[in-house]
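The structure under discussion appears below in the form of structure tokens.
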Amino acid sequence: MSALPTFGAVALSARDLVAQRFARAAGRLHLVGGGNPAASAIIESCAARCWRAALDHGHTCIAMDPDEIALLGDSPAVASAAAALADSASTERRDAALVLEGGHLFLERLWRAEWRLARRVLALADPAPVATGEKIAAELAAVFGGSDPDEAQRRAVAVALARRLSVISGGPGTGKTTTLARLIAVYSRLVPEARIAIAAPTGKAAARVSEALYAQLAEFAAATGQVGAQLPAATTLHRLLGIRGAGSRPAFGARRALPFDLVVVDEASMIDLELASALASAIGDNSRLVLAGDRDQLASVEAGAVFAALCAGRDERVSGGVVTLGRNYRQRETPEIVRWAQAARAGTIVADACHDDSAKVRLRLLGGTGGSDQAALATAVLAGYAPALELLARRGGGAEVAGELLARLATYRALCALRRGPLGVEALNRVVAAAVRTSVGAEPAASWYPGRFVIVNRNTPELDLFNGDTGVCLERDGTLAIAFAAAGGLHWVPVAQMPACSDAFALTVHQSQGSEFDQVTLVAAPAGHRLATRELIYTGITRARLGLAIFAAEGALADAAGRVTERTGLLGWRLSGPTG
């Protein structure tokens with residue numbers, strides 16, 4: 001493999017190399033368009049900063065100082081917002097790498113996505129009752145007729161029936177799935193021929209919401225004696241929109257709307273700006289969109305904080321469609337985890353918030369000695385995977401154990417703030433992988449072996465695999481293949497056909513979004529690290545259903561809980577005025 005290019009004596013990472021190439025392309029546009037040669041270096045510097053802000057920190061734009069604004073405003077490589085709007089209405093587009101608006105510099109594609117999303121959100125925000133008030137009230141009474149109805153859930157369903165765009169926010173255990181099931185049941189009765197789509201950002205999240213919704217609808221049908229709504233299996237947003245690969249255009253959009261009357265999207269906090277823009281553009285003029293998620297979770301990996309911006313909307317056109325669920329139905333089952341989640345969300349975690357080893361939440365304070373800390377963490381993680389390791393040691397790595405092994409693996413996960421380092425994802429995956437190889441008698445250096453647990457890193461629709469899908473490698477018909485859980489059985493993919501993937505025994509907290517596990521081991525980032533944030537700690541804690549072990553240095557949790565992630569962008573401003 002060839003070495004990475006260098007700048008001076010410093011090797012450039014792949015991300016830095018892309019930023020450098022983009023900056024140089026912006027510089028060339030500046031010069032080719034007749035820009036002042038003396039300003040070329042500054043244009044390149046601003047372009048690189050804007051690119052890195054989007055890729056590394058999720059910012060949609062960056063604020064510029066007055067001197068930079070003057071230079072950027074004169075550059076042929078930079079379009080003003082007015083010029084960019086004019087270009088969007090013209091058949092002839094001029095090249096512009098960047099857009100300058102209100103003292104903020106955008107990558108052109110992110111500016112366009114933000115502007116289009118705001119415009120579409122405001123268009124969808126108009127009231128549009130699906131039936132008369134009397135009919136809606138009667139159906140709501142039927143599904144919320146218990147002795148202790150949840151008024152926030154009732155309001156969420158009522159809003160979704162009255163508006164073309166609605167947003168439901170709530171933490172784990174607050175009944176988002178129950179609310180969505182009731183909405184679907186009521187909507188199906190009010191619009192019997194309705195075409196309904198269920199989606200989520202990742203394959204794992206789509207599978208989970210599909211399973212949960214079907215279970216809730218079956219319970220509702222049994223309790224009421226009514227026939228449950230007939231739903232297709234949930235799918236990923238990329239598949240729903242017809243996005244076939246990285247950089248490809250969606251098959252559905254402003255010129256070809258999705259063929260559904262109701263589109264429900266779960267785990268919507270994971271949706272980045274460009275995907276949200278594509279989704280909103282594809283909602284038909286007579287269709288409605290429901291976004292469900294948790295505003296306190298981590299924002300999307302890519303640029304933007306769309307769900308949080310929608311939840312924080314100040315304009316009644318948008319805020320009137322937002323409902324927050326507050327009652328936690330897990331309080332009786334796992335009150336310790338609920339309290340920790342609430343403390344993380346409120347920023348009130350304190351360093352001495354320890355629980356004894358009999359509680360459902362345990363805190364292990366790291367001592368800062370890499371060897372002993374890593375050994376203690378490895379012991380805990382191997383204990384978490386003990387049921388899976390026992391099965392492999394007892395029955396081997398043949399295809400006949402696939403279903404049981406996947407079920408055992410699904411109950412536990414190690415989640416880390418960091419990818420690298422002695423307490424990061426890569427180190428923990430090496431520890432567990434070595435134990436699995438030993439269990440099945442595989443070569444110590446084998447890349448593929450029975451029991452290897454992997455997560456897919458890239459959407460591959462032709463194989464019916466999507467980012468976030470997890471599967472386990474086993475021997476099948478004399479060769480190695482990966483088994484993935486699928487509706488009605490297992491989906492097998494030969495090793496030779498596998499897309500980009502990595503070990504899944506330990507995941508980053510970002511990768512775990514859209515999933516929940518019975519038991520979780522959470523490893524926090526050191527105090528002061530850029531990943532030591534309230535959202536990351538809260539997201540990690542709320543992945544656990546029954547038990548949680550937290551490894552953190554003294555003071556690290558309090559530091560993280562006190563630091564809120566902020567992403568720069570103008571979506572909230574666009575949604576509060578006529579500029580959308």
Side-chain angles (χ1 to χ4, degrees), residues 13-16 19 52-60 62 201-202 267 269-270 272 294-305 307-308 340-341 343-351 353 363-366 368 370 373-374 377 381 413-429 455 457 467-468 502-515 517 520-544 548-569:
S13 69
R15 296 169 75 91
D16 286 338
R52 290 193 182 100
L55 255 65
D56 295 340
H57 303 289
H59 298 307
T60 305
I62 56 176
T202 67
E267 298 293 345
S269 65
M270 299 168 63
D272 63 81
D294 185 347
R295 65 183 298 176
D296 297 306
Q297 278 190 30
L298 285 164
S300 59
V301 174
E302 304 297 333
F307 194 77
W340 273 76
R345 184 174 55 206
T348 57
I349 286 182
V350 293
L363 175 62
R364 167 69 183 258
L365 292 177
L366 300 172
D373 285 345
Q374 187 181 46
L377 178 57
V381 174
R413 199 71 79 245
L415 305 179
C416 305
L418 307 183
R419 184 174 294 279
R420 297 180 177 84
L423 306 180
V425 164
E426 293 176 355
L428 282 180
N429 273 324
I455 182 169
N457 297 330
N467 182 30
S502 55
D503 285 354
F505 302 109
L507 301 176
T508 64
V509 176
H510 282 85
Q511 286 177 303
S512 73
Q513 290 187 93
S515 300
F517 312 96
V520 165
T521 296
L522 174 63
V523 189
H529 193 281
R530 70 179 184 87
L531 292 177
T533 67
R534 179 181 301 180
E535 293 83 3
L536 189 139
I537 290 296
Y538 171 81
T539 302
I541 289 171
T542 54
R543 298 311 89 198
L548 172 68
I550 304 175
F551 284 71
E554 187 170 3
L557 294 179
D559 173 73
R563 299 172 63 207
V564 178
T565 301
E566 294 185 2
R567 289 190 167 181
T568 305

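Hydrogens, waters and symmetry mates are skipped; everything else that's a heavy atom, side chains included, is used. Along the sequence shown, residues carry numbers from 1.
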Checklist entry - Any side-chain heavy-atom pair from Asn457 and Gln511 closer than 4.5 angstrom? => result yes
Item to check | Nearest heavy-atom neighbours spanning Arg295 and Phe307 | outcome: N-CE2, 3.6 Å
Checklist entry - Closest approach of Thr60 and Gly569, non-hydrogen atoms and distance? => result CB-CA, 4.0 Å
Next on the checklist: Measuring only between side-chain heavy atoms, which start at C-beta, is Arg52 closer than 4.5 Å to Leu55?
Outcome noted: no
Next on the checklist: Test your reading of the model: is there a side-chain donor-acceptor pair from Thr539 to the backbone of Leu298, 3.5 Å cut-off?
Outcome noted: yes
Checklist entry - With side chains defined as the heavy atoms from C-beta onward, is the minimum distance between Leu428 and Leu377 less than 4.5 Å? => result yes
Checklist entry - Looking only at atom types and distance, does a side-chain atom of Asp272 sit under 3.5 Å from a main-chain N or O of Ala303, one as donor and one as acceptor? => result no
Checklist entry - Could you give the distance from CG (Leu507) to OG (Ser512), rounded to the nearest 0.5 Å? => result 7.0 Å
Checklist entry - Backbone N or O of Ala54 within a donor-acceptor pair of the His59 side chain at under 3.5 Å? => result no
Item to check | Value rounded to 0.5 Å, distance of CG in Asn429 from CZ in Arg419 | outcome: 9.0 Å
Next on the checklist: Go through it in stages, so that I can follow the logic: the residues are Leu536 and His510, the test is side-chain contact (heavy atoms from CB on, under 4.5 Å), and I'd like the CA-CA distance, side-chain angles, deciding distance and then a yes or no.
Outcome noted: CA-CA 8 Å; Leu536 189 139; His510 282 85; 4.1 Å; yes
Next on the checklist: How long is the straight-line distance from CG of Leu522 back to CD1 of Ile537, given to the nearest 0.5 Å?
Outcome noted: 5.5 Å
Item to check | Ala417 versus Ala525, closest heavy-atom pair with distance | outcome: CB-N, 3.5 Å
Checklist entry - Could you give the distance from CG (Leu418) to CD (Glu426), rounded to the nearest 0.5 Å? => result 10.5 Å
Next on the checklist: Using modelled atom types and a 3.5 Å cut-off, is there a donor and acceptor pairing between side-chain atoms of Glu535 and backbone atoms of Val564?
Outcome noted: no
Checklist entry - Is the side chain of Arg563 donor-acceptor paired with the backbone N or O of Ala532 at a distance under 3.5 Å, no angle test? => result yes
Checklist entry - Looking at side-chain heavy atoms only, is the closest gap between Thr508 and Cys416 below 4.5 Å? => result no
Checklist entry - Do the side chains of Leu423 and Gln374 get nearer than 4.5 Å, heavy atoms only? => result yes
Checklist entry - Is Trp340 close to Leu557 at the side-chain level, that is, under 4.5 Å between some pair of heavy atoms? => result yes
Checklist entry - Does any N or O in the side chain of Arg567 come within less than 3.5 Å of the main-chain N or O of Gly304, such that one atom is a donor and the other an acceptor? => result yes
Checklist entry - Where is the tightest heavy-atom contact between Gly540 and Val520, given as atom of each residue plus distance? => result O-CG1, 4.3 Å
Checklist entry - Is the side chain of Gln297 donor-acceptor paired with the backbone N or O of Asp294 at a distance under 3.5 Å, no angle test? => result no
Item to check | Separation between CG of Leu366 and CZ of Arg364, rounded to the nearest 0.5 Å | outcome: 7.5 Å
Checklist entry - Any side-chain heavy atom of Met270 within less than 4.5 Å of one from Ser300? => result no
Checklist outcome for this item: Taking every heavy atom of Val425 against every heavy atom of Ala506, the minimum-distance pair comes out as CG1-O, 3.3 Å
Item to check | Ser515 backbone acceptor or donor facing Arg543 side chain under 3.5 Å | outcome: yes
Item to check | Distance (rounded to the nearest 0.5 Å) between Leu548 CG and Thr521 OG1 | outcome: 8.0 Å
